[in-house]
Amino acid sequence: MPGGKAQNVTRVLAGSGVTVREAGPPDAVGGVLPGWVALPESVEEVSALLRACAGAGLATTAVGGGTKLHWGAPPERCDVLIDTCCLNEVIEYTPGDLVVRVQAGVTLEALAALLAEQGQELVCDGPFGDEATIGGMLATGATGPRAFRYGTPRDLLIGITVVLADGTIAKSGGKVVKNVAGYDLGKLFTGSYGTLGVIAEAAFRLHPVPAARAWVLARLSRDAVQRAAVRLAAAQAEPAAVELDWPDLRGPVNLAALVEGAAAGQRAHALAALLGEGAEVTGEGPEWWGEPAGSEALAEVRCLPAQVTRVLGRVAEWPGLSLRGSPVAGRFWLEGAGEGFGAAVAGLREAGARVSVLAAPYDLGLDKIDRWGEVSALPLMRRVKEQFDPGRRMSPGRFVGGI
């Protein structure tokens with residue numbers, strides 16, 4: 001950007017009253033380097049910043065802990081990166097009501113430590129939990145193993161405050177100040193990748209920390225996984241989560257089930273009996289639980305539980321890949337690199353699975369891959385984008401269909 005224009009933009013941003021610095025390589029979003037990084041400290045500062053950006057025609061992208069900044073497509077442009085690290089306050093916590101309201105930059109680790117003092121938790125055990133923030137978790141729609149029993153973060157969300165592209169502050173759900181008519185903002189903004197506005201605050205329903213936990217571990221053949229998952233999901237012992245790890249597609253599948261609450265040990269032994277010989281009960285979960293393996297290329301695969309055998313069979317055609325996830329919920333992480341990854345994505349879609357490519361680095365030759373596949377709701381999503389961000393300044397191009 002020419003020096004004169006850059007100086008003018010700097011003055012515009014400084015006029016919002018928000019702390020601003022020049023961006024560097026670590027601030028890149030999918031390889032797109034912003035010009036500036038802004039660090040607002042309140043909802044009002046986010047609003048002032050977005051009004052300034054709207055007036056100058058600047059495109060913005062919000063970031064929390066940065067753990068998922070490489071997810072989604074690279075933005076068409078990113079002039080200002082909005083870092084929510086200073087939005088890190090717990091606004092209200094009422095243990096007796098099992099409700100907490102926090103700013104978007106609060107990390108899941110910090111919130112978990114606070115809630116644990118009262119024997120409570122926010123059941124959001126999605127990937128990269130220690131460094132991930134509330135805003136980033138909601139913006140990417142990330143979920144974890146215990147969503148099988150407790151629901152996703154979207155289900156636990158009871159109120160949200162967002163700032164729209166023109167600086168409008170909108171709230172919905174618990175303790176409403178202003179609603180955007182006709183929209184449930186919590187559900188709309190969860191999983192939107194920042195393309196509709198900036199999530200500034202959120203309120204959640206909490207749960208008591210379980211009195212006890214036990215795990216059931218087993219190794220199964222690929223063809224036995226779906227049958228075992230059906231038995232576990234229907235069992236009276238009520239597992240909180242069932243996950244698999246398949247690091248070598250030529251070998252057996254590692255299966256783990258989590259049991260929480262009263263008589264957890266007894267219930268875990270009942271589940272072990274359902275799985276048969278070789279299943280064991282332990283007090284600690286496997287190290288791979290709840291996290292992708294860490295490959296640069298990552299896709300989320302969703303299918304009906306009745307399609308698990310078919311999905312595993314198609315994945316097995318590309319032995320250089322790995323798979324983790326929940327056979328009872330039909331949600332998996334597919335990881336790998338090279339031509340096999342793209343071929344597996346296409347093959348799984350042909351088999352009826354819904355595949356979203358979250359990370360596909362350019363240096364692996366995956367930049368041309370179809371990240372989202374066919375999305376029947378795309379026309380509606382485009383109309384929503386047009387209403388919330390007609391100037392296409394909020395993370396343009398990061399989401400489905402280039403939204």
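What you are looking at is a predicted structure, and each value in this text was computed from that prediction instead of being measured. Just so you know, residue 1 is the first one in the sequence shown, and it goes up from there.
The stretch residues 225-241 participates, sequence neighbours left out, in no salt bridge (charged side-chain N to carboxylate O under 4.0 Å, His left out) pair at all. The list of side chain to side chain donor-acceptor pair (under 3.5 Å) pairs with a residue in residues 19-33, not counting sequence neighbours, reads Arg21-Asp27. Residue pairs meeting the side chain to side chain donor-acceptor pair (under 3.5 Å) criterion with at least one member in residues 347-357: none, sequence neighbours excluded. Pairs engaging residues 204-217 under the salt bridge (charged side-chain N to carboxylate O under 4.0 Å, His left out) rule: Glu121-Arg213, Arg213-Glu260 [sequence neighbours left out]. Applying the salt bridge (charged side-chain N to carboxylate O under 4.0 Å, His left out) test to pairs two or more places apart or on separate chains, those with a residue in residues 384-396 are Glu76-Arg392, Lys385-Asp389. Screening residues 149-158 for salt bridge (charged side-chain N to carboxylate O under 4.0 Å, His left out), with sequence neighbours left out, gives no hits.
Judged as a side chain to side chain donor-acceptor pair (under 3.5 Å), and not counting sequence neighbours, Asp223 has no contacts. Residues forming a ring-ring contact (aromatic ring centres under 6.0 Å, His included) with Tyr193 (at least two apart in sequence, or on another chain): Trp372, Phe399. Here Arg324 pairs with Asp245 under the side chain to side chain donor-acceptor pair (under 3.5 Å) rule; sequence neighbours left out. Partners of Trp246 under the ring-ring contact (aromatic ring centres under 6.0 Å, His included) rule, at least two apart in sequence or in another chain, do not exist in this structure. The side-chain contact (heavy atoms from CB on, under 4.5 Å) search around Ala59 returns Arg77, Asp79, Pro396, not counting sequence neighbours. In terms of the side chain to side chain donor-acceptor pair (under 3.5 Å) criterion, Ser16 has no residue partners (sequence neighbours excluded).
Between Asp166 and Arg51, the closest heavy-atom pair is O-CG, 3.2 Å. Heavy atoms only, all atoms of each residue included: Leu108 and Cys124 are closest at CD1-O, 4.0 Å. Heavy-atom minimum distance, Thr133 versus Gly64: OG1-CA, 3.5 Å.
Look at Glu201 and Arg101 and you find a salt bridge, because one of the NZ, NE, NH1 or NH2 atoms lies within 4.0 Å of a carboxylate O, short of that distance.
Counting only distance, with no hydrogens or angles, the side chain of Gln103 and the backbone of Asn88 share a donor-acceptor pair below 3.5 Å. Side chain of Thr190 to main chain of Gly186: a donor-acceptor pair is present (N/O by atom type, distance under 3.5 Å, no hydrogens or angles).
Gln226 and Thr309 form a side-chain donor-acceptor contact under 3.5 Å, judged by distance and modelled atom types alone.
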